[in-house]
S.K.: 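Here's a structure for you.
Chain letters run A, B, ... following the sequence lines, proteins first, then strands; residues in each count from 1.
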Amino acid sequence: MRYSEMHLPTLREIPSDAEVISHKLMIRAGMIRKLTSGIYSYLPLGYRVIRKVEQIVREEMNKAGAQEVFMPMVQPAELWEESGRWVHYGKELLRFRDRHERPYCLGPTHEEVITDLVRNDVKTYRQLPLNLYQIQTKFRDEVRPRFGVMRCREFGMKDAYSFDADEEGAQNSYEKMFKAYNNIFRRCGLRFRPVEADSGSIGGKYSHEFMVMADSGEDAIVFCEKCSYAANLEKAEIAQPAKKNIPEKDMLPLESVHTPNARTIEEVSAFLKVKPENIIKTLIFNADGHPCAVLIRGDQEVNEIKVKNYLGAGELELADDEIINKATGAPRGFAGAVNIKTRVIADYSIMNMINFVTGANKQDYHLKNVNVGRDFQVEAYADLRVVEENDSCPRCAGKVKFARGIEVGHVFKLGTKYSKAMKAVYLDKDGQEKTMIMGCYGIGISRTVAACIEQNHDDQGIVWPVPLAPYHVIITPVNVNDKSISDVAENLYNKMQDEKIEAILDDRDERAGVKFNDADLIGIPLRVVIGQKNLALNKVELKIRQTGENKLIAVDEIVNEVKEYVNKVFSSAE
RNA sequence: CGGGGCGUAGCGCAGCUUGGUAGCGCGCCUGCUUUGGGAGCAGGAUGUCGCAGGUUCAAAUCCUGCCGCCCCGACCA
């Protein structure tokens, strides 16, 4: 493509409303423009990159046996009522009515539509397994869109749905997708990592997130420094410590102490001159209307998702003052497990604690030298806390570390959540009616592009990995008014066209500096510079964007050189 | 939804405190010069100062209401 004919409005100034680097660069490089909060248009350059990602996704999905479909974005409320999500999905689901006042929504995801589609046509085990996918625009009415296309309301997504006859098949489908996702992100040239994740409200029990590693990422990742264990912060498990026997004789006599206005761990710790590690924090939760006390060491945090999962609760929140008063007989800040009127569960962190401090269930009093067993019983010890860096790995003897990442893909085992609610059934070999087992698999296409830029940029602009680069090479004649220069440029451009090399010819009558800066900004991997001095030696310059490496190549050889560079990158990523 | 900030030319911003004919840089158009890292000179175009009311002889500037956008938090995946 000739630069002079391209719609490629690059910006010299940094847009004032952009926060993260990918957002700034996508706007400056003329890839996207904002229409309204969280909603973007893709300009030619940006859309080309989107299509590169889509193509890789298509190839790998097809290779994994999935088939492409295209479903509607506008969906009738009835389907969502059937699955139960019309009520449960919340405000992210953009709802509206048509002229007949019939309720509809814009699809934030397509479990309902695909399940309806499949249940109507799939009747027998002979038609299973089945995996259908689409690449389509989704709409989620995010509370707070931010970071450009990283967290927006309208975004491109690939979503796939698998249907299997039994658990074994479902596991197989999941593994195929897991493998396909690894291939996809590897081929995109990204540094990424699959991590174990909680499955959230979509349902199901088992999932992996694919995270692109980036310090600007919104998600915390926990990974083991020794083995391959990795999980997101909510999911990350903590190894169960060994139970030590505490001899009765080491337990000091229980003591009640006056602690006026000392409610928080910090206040109690300062007042009693006791380290937070020797205090037990007692949190009262409201789990589906039932109070439950959760005990944890004073310096650590409770992971509400773990508590919710342990209790099997639908809704979980910290109890309000009224419930706390009723359960403990004291205002907030003085709860303790001794003589409490609720269930008591405890995090592993307190399993081996001795002679600790807790609230006394009495205003302005705490208890010292409390001991489990002697002073109160716990219903169970469990893993209920938020991981910390250097905790022991749950899989091996290593320690866990933290990193940040951007979620670009997510694979779920859905089980029968939707197929059961929406009666997606088939007849098995014995003529028995059975419920299909589903999985769903998403990739944020637009987010992948942003994540790629987060990972691949420098002070000058974007540094595209070859597989996602909108073009592979840009030919830069230093002065288009010099005929000898522009003739060579035109000639090389034509040859590259013939060789199907994706090339831009920067035929603008601009100063060299402008062209160099634009080429760097839009991140084209290779730049062929044609200037008077080198041309006199019958040579042109080849600059590699990523390394800054600069070499002189004979005019006759440059096309081959470019071709080889590009092919080498592709063959190593396959 | 709570807290904060912003809205003036295509982009980035000043002007507002103290009311008096709307400015700067970049970009854009024309001409000449220049041509290997965002050129120079000369000339030029571009604004319902977010919207609606109000105060005033006079409002970008003061007052009220609304809208939009951004950031932090809550929420979500």
Side-chain angles (χ1 to χ4, degrees), chain A residues 9-20 23-24 27-28 30 33-40 85 88-94 108-109 111 138-148 150-153 155 157 159 195 197-204 207-211 217-220 232-235 304-305 317-318 405-412 440 442-444 447 459-461 476-486 489 506 508-522 527-536 540-541 543 548 550 552:
Chain A
T10 56
L11 260 36
R12 200 177 285 205
E13 310 218 33
I14 300 168
S16 64
D17 57 2
E19 191 74 5
V20 294
H23 188 196
K24 289 177 186 169
I27 290 172
R28 286 193 57 211
R33 290 292 182 260
K34 183 171 69 187
L35 179 62
T36 183
S37 179
I39 300 181
Y40 290 83
R85 288 207 291 186
H88 283 111
Y89 208 93
K91 288 187 180 162
E92 272 189 28
L93 186 64
L94 182 64
T109 173
E111 281 82 8
K138 298 277 190 268
F139 192 93
R140 293 182 188 169
D141 200 357
E142 284 282 344
V143 198
R144 184 145 97 81
R146 59 186 127 175
F147 305 146
M150 199 94 97
R151 188 171 205 72
C152 52
R153 298 195 290 172
F155 58 98
M157 182 167 166
D159 47 324
V195 308
D198 192 75
S199 47
S201 68
I202 286 197
S207 85
H208 283 92
E209 288 170 345
F210 283 77
M211 306 290 259
E218 285 190 273
D219 302 286
N232 70 15
L233 195 65
E234 295 96 67
K235 174 78 179 179
E304 291 194 22
I305 291 173
E317 56 185 10
L318 275 169
I406 300 163
E407 181 189 346
V408 289
H410 204 155
V411 290
F412 279 96
C440 78
I443 290 180
R447 186 184 273 190
D459 292 345
Q460 300 303 308
T476 307
V478 148
N479 180 356
V480 289
N481 296 314
D482 181 326
K483 192 161 184 313
S484 60
I485 290 177
S486 63
D506 194 348
R508 295 174 301 166
D509 185 9
E510 287 286 353
R511 301 176 70 82
V514 173
K515 295 186 181 190
F516 293 154
N517 280 309
D518 276 333
D520 287 347
L521 177 62
I522 65 176
R527 188 175 81 200
V528 173
V529 183
I530 303 160
Q532 193 55 256
K533 215 190 287 176
N534 293 322
L535 204 53
V540 293
E541 184 181 317
K543 180 151 186 173
N550 216 337
L552 287 179

S.K.: For the rings on A:His208 and A:Phe210, is their centre-to-centre separation under 6.0 Å?
M.R.: no
S.K.: Could you let me know what B:C32 is paired to, Watson-Crick or G-U wobble, both distances under 3.5 Å, or none if it's on its own?
M.R.: B:G40
S.K.: At under 4.0 Å, does any side-chain N or O of A:Lys34 touch on OP1 or OP2 of B:C70?
M.R.: yes
S.K.: Just verifying a value: how many Å separate A:Leu521 CG and A:Arg28 CZ, rounded to the nearest 0.5 Å?
M.R.: 5.0 Å
S.K.: Pick base, sugar-phosphate or nothing for A:Asn550, based on heavy-atom distances below 4.0 Å to the nucleic acid.
M.R.: nothing
S.K.: My understanding is that a pair needs two contacts under 3.5 Å, Watson-Crick or G-U wobble. By that rule, which nucleotide pairs with B:U17?
M.R.: none
S.K.: Which listed nucleotide (B:G36, B:C76, B:A77) is nearest to the side chain of A:Arg140?
M.R.: B:A77
S.K.: Is there a side-chain polar atom (N or O) of A:Ser16 under 4.0 Å from OP1 or OP2 of B:C13?
M.R.: yes
S.K.: Using the P atom on both, measure B:G38 against B:C32 and round to a whole Å.
M.R.: 24 Å
S.K.: Can you tell me the pairing partner of B:C6 across any strand shown, Watson-Crick or G-U wobble, with both distances under 3.5 angstrom?
M.R.: B:G68
S.K.: Take atom P in B:A42 and the same atom in B:G50, then report the distance between them in whole Å.
M.R.: 33 Å
S.K.: Answer yes or no: is there a side-chain heavy-atom contact under 4.5 Å between A:His23 and A:Tyr40?
M.R.: yes
S.K.: Among B:G36, B:G37, B:C76, which is the nearest nucleotide to the side chain of A:Lys543?
M.R.: B:G37
S.K.: What nucleic acid atoms does A:Lys138 come within less than 4.0 Å of, heavy atoms only: base, sugar-phosphate, or nothing?
M.R.: nothing
S.K.: Pick the closest RNA chain B nucleotide for A:Ala18 and for A:Val143 by heavy atoms, then say which residue is nearer the 5' end.
M.R.: A:Ala18
S.K.: Just wondering, do A:Asp520 and A:Arg527 contact through their side chains at under 4.5 Å, heavy atoms?
M.R.: yes
S.K.: Tell me: CD of A:Glu209 to P of B:A77, nearest whole Å?
M.R.: 11 Å
S.K.: Determine the Euclidean distance between corresponding C1' atoms of B:G27 and B:G4; express it in Å to zero decimal places.
M.R.: 32 Å
S.K.: Judged by each residue's nearest nucleotide on RNA chain B, which is more toward the 5′ side, A:Asp219 or A:Leu535?
M.R.: A:Leu535
S.K.: For a quick check of understanding: with a heavy-atom distance under 4.0 Å over all strands, which category does A:Asp482 fall into, base, sugar-phosphate or nothing?
M.R.: nothing
S.K.: Roughly how many Å is it from CG in A:Leu233 to C1' in B:A77, rounded to a whole number?
M.R.: 15 Å
S.K.: Taking the C1' atom of each, how far is B:G36 from B:C72, in whole Å?
M.R.: 46 Å
S.K.: Please confirm whether the shortest side-chain N or O distance from A:Arg144 to OP1 or OP2 of B:C72 is below 4.0 Å.
M.R.: yes
S.K.: Considering every strand shown, what is the Watson-Crick or G-U wobble mate of B:A59 when both distances are under 3.5 Å?
M.R.: none
S.K.: Using only side-chain N and O atoms of A:Arg511, determine if any of them is under 4.0 Å from OP1 or OP2 of B:G38.
M.R.: no
S.K.: Is a donor-acceptor pair below 3.5 Å formed from side chain A:Glu13 to base B:G25, judging by atom type as modelled?
M.R.: yes
S.K.: Is the closest side-chain heavy-atom distance between A:Arg140 and A:Tyr89 below 4.5 Å?
M.R.: yes
S.K.: In whole angstrom, give me the gap between the C1' atoms of B:G65 and B:C28.
M.R.: 38 Å
S.K.: Can you check the A:Asp518 CG to B:C26 C1' distance for me, whole Å?
M.R.: 14 Å
S.K.: So, OP1 or OP2 of B:A77: does either fall under 4.0 Å of a side-chain N or O from A:Arg151?
M.R.: no
S.K.: Does A:Asp17 reach a base, just sugar-phosphate, or nothing at all? Heavy atoms under 4.0 Å.
M.R.: sugar-phosphate
S.K.: Please classify the nucleic acid contact of A:Val529 as base, sugar-phosphate, or nothing, using heavy-atom distances under 4.0 Å.
M.R.: base
S.K.: Give A:Arg153 one of three labels, base, sugar-phosphate or nothing, depending on what nucleic acid heavy atoms sit under 4.0 Å from its own.
M.R.: nothing
S.K.: Nearest-Å distance, CZ (A:Arg28) to P (B:G38)?
M.R.: 14 Å
S.K.: Measure NZ/A:Lys24 against P/B:C70 and give the value in whole Å, please.
M.R.: 15 Å
S.K.: Would you indicate which nucleotide in B:A74, B:G37, B:G36 comes nearest to any side-chain atom of A:Asn534?
M.R.: B:G36
S.K.: Taking the C1' atom in each of B:G3 and B:A74, what is the distance between them to the nearest angstrom?
M.R.: 11 Å
S.K.: If you only use heavy atoms from C-beta on, which nucleotide in B:C69, B:G36, B:C72 is closest to the side chain of A:Arg146?
M.R.: B:C72
S.K.: Looking at B:G36, does its base get a donor-acceptor pair with the side chain of A:Glu541 below 3.5 Å?
M.R.: yes
S.K.: Expressed as a whole number of angstroms, how long is the span from A:Lys533:NZ to B:U35:P?
M.R.: 14 Å
S.K.: For B:C24, give the paired nucleotide (Watson-Crick: N1-N3 plus N6-O4 or O6-N4; G-U: N1-O2 and O6-N3; both under 3.5 Å), or none.
M.R.: B:G12
S.K.: Return the pairing partner of B:C1 with a 3.5 Å limit on both distances, Watson-Crick or G-U wobble; otherwise return none.
M.R.: B:G73
S.K.: Is the closest basic N to carboxylate O distance between A:Arg151 and A:Glu142 below 4.0 Å?
M.R.: yes
S.K.: By the 4.0 Å heavy-atom rule, please label A:Arg33 as base, sugar-phosphate, or nothing.
M.R.: nothing
S.K.: Can you see if the side chain of A:Arg12 gets near the phosphate of B:G27 - specifically, an N or O under 4.0 Å from OP1 or OP2?
M.R.: yes
S.K.: Can you measure from CG (A:Leu233) to CG (A:Asp219) and round to the nearest 0.5 angstrom?
M.R.: 9.5 Å
S.K.: Looking at B:G73, B:G37, B:G38, which one has an atom nearest to any side-chain atom of A:Gln460?
M.R.: B:G37
S.K.: Mind checking if A:Glu407 touches a base, just sugar-phosphate, or nothing, with heavy atoms under 4.0 Å?
M.R.: base
S.K.: Could you tell me the separation between the CD atom of A:Glu218 and the C1' atom of B:A77, rounded to a whole number of Å?
M.R.: 10 Å
S.K.: Would you compute the distance between atom NZ of A:Lys34 and atom CD1 of A:Ile27 and round it to the nearest 0.5 angstrom?
M.R.: 7.0 Å
S.K.: Can you check the A:Phe147 CZ to B:C71 C1' distance for me, whole Å?
M.R.: 10 Å
S.K.: Tell me whether A:Glu111 is salt-bridged to A:Arg85, with the criterion being a basic N under 4.0 Å from an acidic carboxylate O.
M.R.: yes
S.K.: Using atom P in both nucleotides, what's the gap between B:G54 and B:U61 to the nearest angstrom?
M.R.: 14 Å
S.K.: In whole angstrom, give me the gap between the C1' atoms of B:G20 and B:C13.
M.R.: 24 Å
S.K.: Under 3.5 Å, is there a donor-acceptor pair linking the side chains of A:Asp518 and A:Thr10?
M.R.: yes
S.K.: Would you say A:Thr36 places a side-chain N or O within less than 4.0 Å of OP1 or OP2 belonging to B:C69?
M.R.: yes
S.K.: Should the side chain of A:Asp520 and the base of B:G37 be counted as holding a donor-acceptor pair, with the cut-off at 3.5 Å?
M.R.: yes
